[in-house]
Amino acid sequence: MPCASFTSGPGSATAADGDNNNNNNGDGYFSVRDFKLNESTFLASLMPKKEIGVDRFFEAHPNYDGRGVLIAIFDSGIDPAAAGLQVTSDGKPKVLDVIDCTGSGDVDISKVVKADADGCISGASGQCLVINTSWKNPSGEWHVGYKLVYELFTDNLTTRLKKERKKKWDEKNQEEIARAVKQLDDFDQKNVKVDAAKLKREREDIQNRIELLRRQSESYDDKGPAVDAVVWHDGEVWRVALDTQSLEDDPDRGKLANFVPLTNYRIERKYGVFSKLDACTFVVNVYNDGNVLSIVTDCSPHATHVAGIATAFHPKEPLLNGVAPGAQIISCKIGDSRLGSMETGTGLIRALIAAVQHKCDLINMSYGEATLLPDYGRFVDLANEVVNKHRVTFVSSAGNSGPGLSTVGAPGGTSSSIIGIGAYVSPAMAAGAHSVVEPPSEGLEYTWSSRGPTADGDLGVSVSAPGGAVAPVPTWTLQRRMLMNGTSMASPSACGGTALLISAMKAEGISVSPYSVRKALENTAVPIGDLPEDKLTTGQGLMQVDKAYEYIGKCQNTPQVWYQIKIQQSGKTYPSSRGIYLREASACQQSTEWAVQVNPKFHEDASNFDDLVPFEECIELHSTDKTVVKAPDYLLLTHNGRTFNVVVDPSNLCVGLHYYEVYGVDCKAPWRGPLFRIPITITKPQAVTNQPPQVSFSKMLFKPGHIERRFIEVPLGASWVEATIKASGFDTARKFFLDAVQICPLKRPLKWENVVTFPSPAAKTFAFRVVSGQTLELVISQFWSSGIGSHDTASVDFEVVFHGIEVNQEEVILDGSEAPVRINAETLLASEELAPVAILNTVRVPYRPVDSKISALSTDRDKLPSGKQILALTLTYKVKLEDGAKVKPQIPLLNDRIYDTKFESQLYIISDSNKRIYSSGDVYPSSSTLPKGEYNLQLYLRHDNVQILEKMRHLVLFVERNLEEKDIIRLGFFSQPDGPLLGNGSFKSSLLVPGIKEGFYLGPPPKDKLPKNSPQGSVLVGAISYGKLSVADQGENKNPEKHPASYRVSYIVPPNKIDEDKVKGSSLSPKKTISDRLKEEVRDAKIKVLGSLKQETDEECLEWKELSTKLKLEYPKYTPLLAKILEGLVSRSNIKDKIHHDEEVIDAANGVIDSIDREDLAKYLALKSDPEDEEAESIRKKMESTRDQLAEALYQKGLALADIESSKLADLTWCILSKEGDISPSLAATEGAKKDANKTDDQSKGDGNKPDQFEENFKELKKWVDVKSPKYGILLVTRERRSGRLGTALKVLSDIIQDDAEPAKKKFYELKLSLLDEIGWTHWATYERQWMLVRFPPSLPLF
């Protein structure tokens, strides 16, 4: 995720005291009280550069401002129209390319169409689009696709647009309501008494219109308009045009023909804006031979802000320039719009590919996540290749998870080849950008900036840079600049400073190497803070560009080498580390010996004879404290590396944090500074000896930015902590960060955090989980800007009380049998109340893929720099929900890992049978509420190794379904093994005494409590807790998930019990003779063959007709056959003569109707059958089937009658009106409907006094079924429509749609659209058309 927080604006500039940093921090400011901010210093503080020596560097080298340097911004996507991102300081284009590496803006444009004689094409959304005749298209082929525009916009922009669009929609809707209310008022004045049925229905129709409009206003849910895309090749390049009329109020704006065609941004560097309302910039790129269009927008202001800090150029406002205004950039969007702004493996890998393709000098990545394995994973492997082989310097944020130790994130803080940046705030930044009342007296690290070391002992943070700025943001934010702070801002500040160095190196002909650049930054940084352990916070210190430049000049003839460090504790072969990290109490009790291997690593293009063979350095080794860390004095280092031993003796150290280094210096050139460093971090915890086990820290004094760390050896047997903080002695409010961190092998750091604000002196209590026997770091920090302006010092008391109940198995698995699970519990610390609670609240159903497909991706953006082609595996899972539920897919092998995984990428989408997308996700799946129905879940995996993908073809996926509150199962506890079966001996609670174990049983859930739709093999999952919290209320103690020391409990669903009735029923002996049974089997087989015949061609239709005629002669009164014939006619699609076909349907329906004795059927259905009488039940089912066949025949007959009537009426109206001039068929249909509406329900629709066949048929259908049901309701809608009661027709249809439990039926919504058009509610019709593309997309989206 992005490592930043946003503030809407820079805030008001106050005449606060000027800023000052200790001269040791490199700011070059005088005492904080020696000056006040003026306009110049205020503007400079908004884009801090002086802190890292940029002003001094520019003064000496004004042309080394980033010129000749290309930076890849791995982020959320840059807006090329943003302020300061148009040109460089020397007039070159600023943004050379804009790429969506995630695929979130991809549009499938594989559909190709040709223009008609009028120059029109059919767009992918169904719109008729007019082509501009001046567009050059030699092939005449137009690729079409569409995109729902909200999929391209950020949540903030979408919210703003929805608000604006809803306001306009409401205005139009209110007009229609007012019109309908007036119509009702006019009707009531005209008809004082409404006794006649016709008048009652007319009035009801008007009322229905009013109700529908009001109801729609309440249920309005704007999914956004669709933008049609048209792509063609003009003989030289691919061209793109968009139709954005749906975004405009003015019908003459946004037309496709008026669009100025774009091509891939890299070619012409042009961009577009969707509309004035959204003000959102976009660019386009075409891939895969014209079959994929990428519409690129940003998914957050983050990237534009980052790019502005690094490179913005404001010729009229030079103080607001970025650090390297002469540098150029490419934008690599790694934040996926489908996931908010979360990075994906696909985006990360494509970004690396793009950086190499564009020959970038630098990468800035202000993104990151926690990791369980440092310096590990596929992205890290490829990043290493980019740095080591292609000489790209990689700068990244360390993370915003501080101030606890070991909170640096991946990749910036945990990867050896990446320069990790911490966030620093100077007094000037505090006074100007943050507008604090009184700035701090000296610069400091932001409170939230992540700290090292990594889990394997590496320092984590390389250097620090200013972590806040007021920088450019995208135009859609409707502002030019915004204040953001985070290591996300520190990273581009450092990256910009690095660009200045590379600019200078290129200009002076110095070979550029990421190794030498990094060494210069680290060896010339100014320390922040006076203590050795401050390096874990700030790295080597605040980077200084001018000093680093001088260093590079001196070192230009030295070898370009990265000194790889691998450390192993003597006597152990695994794992190796990059530093020495003694965190646990056992490691701090005696000396340990470590083997340190130093391997000089050259770039891959290094020459064996010129670089490797001559390399030999005499290294003098130094220890920062020889009483604790002992190392040899000298080392002769050659290309093949050397190993030496280090002895660490922490036994005499006091409790707390200690940091040391062993570093190597070139004996012949000591001015080069440390060539390599071995960081040694020791956290010596204090033991807990009190009874009961508790630790108190009293009268800790806090000022803004102050941090107190305490390290505690968690007592054996402890599993949770109850802590109390008391703050006193202050006036204005105080904000504290509370963090508790533990490091466990192969896990992300176990971290509890809380932010507490005290408006006045008070106490607060918390509970959190701990791991027994592991060192706990407790961090209390006053936020850096909290309490500024007040001279009171806050006093804090903190008390920690350890609790714990140990059990013989933390994760409990019930195997599906009736047997309970025995649990032994004990307390090792103090007496605890044993009060076990367990619930099952989630169902996990396993699925195997029903289909798998491996495909090679296009070479445009999915070919690695090594030449390997990336492949994709698409797995399809079928998921059926019997009821609506909240579900979440889980892939145990892949979830929760982005960087620390050897697999490249994963993404899933969930869609229904209509291809409507309900959910998508990646490594962090989210829960989605799905209605009842069948779904396809497609999982998309990428890798360049086909063998790895082949192994994953049958990957097991779980779908988790949350149980409703009423279905949550509370498990029982028993004191006897037979308790669950006998129902006695329940166990409630007990007092555990140290040293005495107590046993009890956890019973399985009762079989009648198992949730439905939990098939065999599925797993019910929940939580179990054992102790009682003294700081919790009664409700929290009843929910084990709210207990900090809760564990997982699961129950494997066994096979269902055998249905004895079915077994018994299947053994009944048949009563029919073999001859009769044989005849029936033959007859049914023939009917089955008839039903299987296709009718797609004329020949197939003729074959079907011949067979149906033959069977009808053979079985003239057999209703199932006649129903099958009707079904075949209705399902036919290639209909040439619609009226003739409707007449055939009517004849077939009449055949079914006439074959049924309706009087006998009605009599039988009126009787009640005995469910115990199997023969009677069999007859009942047969009769119900006959009734359904009768109802279907009446229904299809009614539809055909209405269709014939409508067609004839439209033809007649057309003939009459065409004599008066030109008229469209749609107008003819409308006029026909108006004529139709003047007749009553019972009035003849034909000539003379012939009865109304439709009405008679409808009345017959009403006798047998509910005509308002989804199955038959369309006929009721048709009836109301033909009577001119369009409001009632629409209400009936809306109720049918709402009550239909099945997936949405397209025919219902098409009918709804036609009714809205006929009524004239254009605003609602437009809304529904937009929804049609959501409910019934023509295809699934691209991954």
Side-chain angles (χ1 to χ4, degrees), residues 1087 1089-1155 1189-1218 1223-1226 1228-1233 1235-1236 1239 1244-1248 1250-1258 1260-1261 1272 1274-1275 1277-1279 1281-1282 1306-1307 1310-1311 1314:
I1087 296 173
V1089 170
L1090 177 67
S1092 67
L1093 293 180
K1094 295 181 179 179
Q1095 300 185 68
E1096 296 174 358
T1097 64
D1098 292 341
E1099 291 77 11
E1100 289 173 343
C1101 288
L1102 184 61
E1103 287 179 357
W1104 181 89
K1105 187 172 183 179
E1106 288 175 354
L1107 180 58
S1108 63
T1109 303
K1110 181 179 178 182
L1111 292 178
K1112 193 173 179 181
L1113 291 172
E1114 193 171 352
Y1115 310 106
K1117 291 293 184 181
Y1118 187 55
T1119 303
L1121 169 63
L1122 300 174
K1124 184 62 70 176
I1125 293 173
L1126 175 61
E1127 181 185 325
L1129 284 169
V1130 170
S1131 65
R1132 189 178 293 174
S1133 57
N1134 57 336
I1135 301 166
K1136 296 177 181 177
D1137 186 340
K1138 190 71 174 70
I1139 292 180
H1140 177 69
H1141 177 261
D1142 285 333
E1143 290 171 345
E1144 285 187 306
V1145 169
I1146 292 170
D1147 288 342
N1150 285 334
V1152 176
I1153 295 166
D1154 294 341
S1155 70
Q1189 290 165 345
L1190 172 63
E1192 181 65 16
L1194 292 166
Y1195 174 67
Q1196 295 297 340
K1197 179 182 177 181
L1199 293 178
L1201 287 168
D1203 202 22
I1204 290 173
E1205 180 183 280
S1206 177
S1207 298
K1208 288 182 177 179
L1209 190 59
D1211 290 344
L1212 178 62
T1213 308
W1214 169 261
C1215 293
I1216 294 171
L1217 295 178
S1218 62
I1223 185 171
S1224 67
S1226 60
T1230 303
E1231 291 296 325
K1235 293 175 182 288
D1236 232 13
K1239 302 182 181 181
S1244 171
K1245 300 286 181 182
D1247 298 327
K1250 291 173 65 177
D1252 184 345
Q1253 295 184 51
F1254 177 90
E1255 195 62 33
E1256 288 185 351
N1257 184 80
F1258 183 82
E1260 182 66 23
L1261 179 63
Y1272 306 107
I1274 295 298
L1275 203 61
V1277 175
T1278 304
R1279 179 178 184 247
R1281 186 179 195 173
R1282 73 197 288 270
K1306 192 173 184 179
K1307 64 178 182 180
E1310 288 173 339
L1311 179 57
S1314 67

Requested in this report: Assess whether atom NZ of K1110 is packed by more than 12 heavy atoms of other residues, nucleotides or ligands within 6.0 Å.
Outcome: no
Query - Shortest non-hydrogen contact between I1125 and S1108, atoms and distance - result: CD1-O, 3.9 Å
Query - side chain to side chain contact (heavy atoms under 4.5 Å, CB included) assessment of Y1115 paired with L1122 - result: CA-CA 9 Å; Y1115 310 106; L1122 300 174; over 6 Å; no
Report task. Working to the nearest 0.5 Å, report the span between OG1 of T1278 and CG of L1311. Result -> 6.5 Å
Report task. Evaluate the criterion side chain to side chain contact (heavy atoms under 4.5 Å, CB included) for residue pair I1146 and I1204; output intermediate values, then yes/no. Result -> CA-CA 10 Å; I1146 292 170; I1204 290 173; 3.6 Å; yes
Query raised in the report: Any side-chain heavy-atom pair from L1201 and E1205 closer than 4.5 angstrom?
Result: no
Report task. Name all pairs fulfilling the salt bridge (Lys or Arg N to Asp or Glu O under 4.0 Å) condition that reach into residues 1115-1124, sequence neighbours left out, sorted by first residue then second. Result -> K1124-E1127
Query raised in the report: Is the shortest heavy-atom distance from the side chain of N1150 to the side chain of K1197 under 4.5 Å?
Result: yes
Requested in this report: Determine the minimum heavy-atom distance between L1126 and A1193, stating which atoms define it.
Outcome: CD2-CA, 3.6 Å
Query - T1109: partners by side chain to side chain donor-acceptor pair (under 3.5 Å), with sequence neighbours left out - result: none
Query raised in the report: Does the side chain of Y1118 reach to within under 4.5 Å of the side chain of K1112, using non-hydrogen atoms?
Result: no
Query raised in the report: Quick one: side chain to side chain donor-acceptor pair (under 3.5 Å) partners of Q1189, sequence neighbours excluded?
Result: none
Requested in this report: Could you go through the side chain to side chain contact (heavy atoms under 4.5 Å, CB included) check for L1129 and D1147 one step at a time?
Outcome: CA-CA 11 Å; L1129 284 169; D1147 288 342; over 6 Å; no
Query raised in the report: Where do L1194 and E1260 come nearest, in terms of heavy atoms and distance?
Result: CD1-CG, 3.7 Å
Validation: residues 1098-1106 side-chain donor-acceptor distances under 3.5 Å, sequence neighbours left out:
residue : atom : partner : partner atom : Å
D1098   : OD2  : K1136   : NZ           : 3.1
E1100   : OE1  : E1096   : N            : 2.9
E1100   : OE1  : T1097   : N            : 3.2

**Report entry** Polar side chain donor-acceptor pair, S1206 to R1282, under 3.5 angstrom
**Finding:** no
Query - Audit row: L1275, F1254, side chain to side chain contact (heavy atoms under 4.5 Å, CB included) steps and yes/no - result: CA-CA 10 Å; L1275 203 61; F1254 177 90; 3.8 Å; yes
Query - Contact summary for Q1095 and N1134, nearest pair of heavy atoms - result: O-OD1, 3.0 Å
Report summary line: N1257 meets the side chain to side chain donor-acceptor pair (under 3.5 Å) criterion, sequence neighbours left out, with none
Query raised in the report: With sequence neighbours excluded, what pairs up with S1155 under the side chain to side chain donor-acceptor pair (under 3.5 Å) test?
Result: T1119
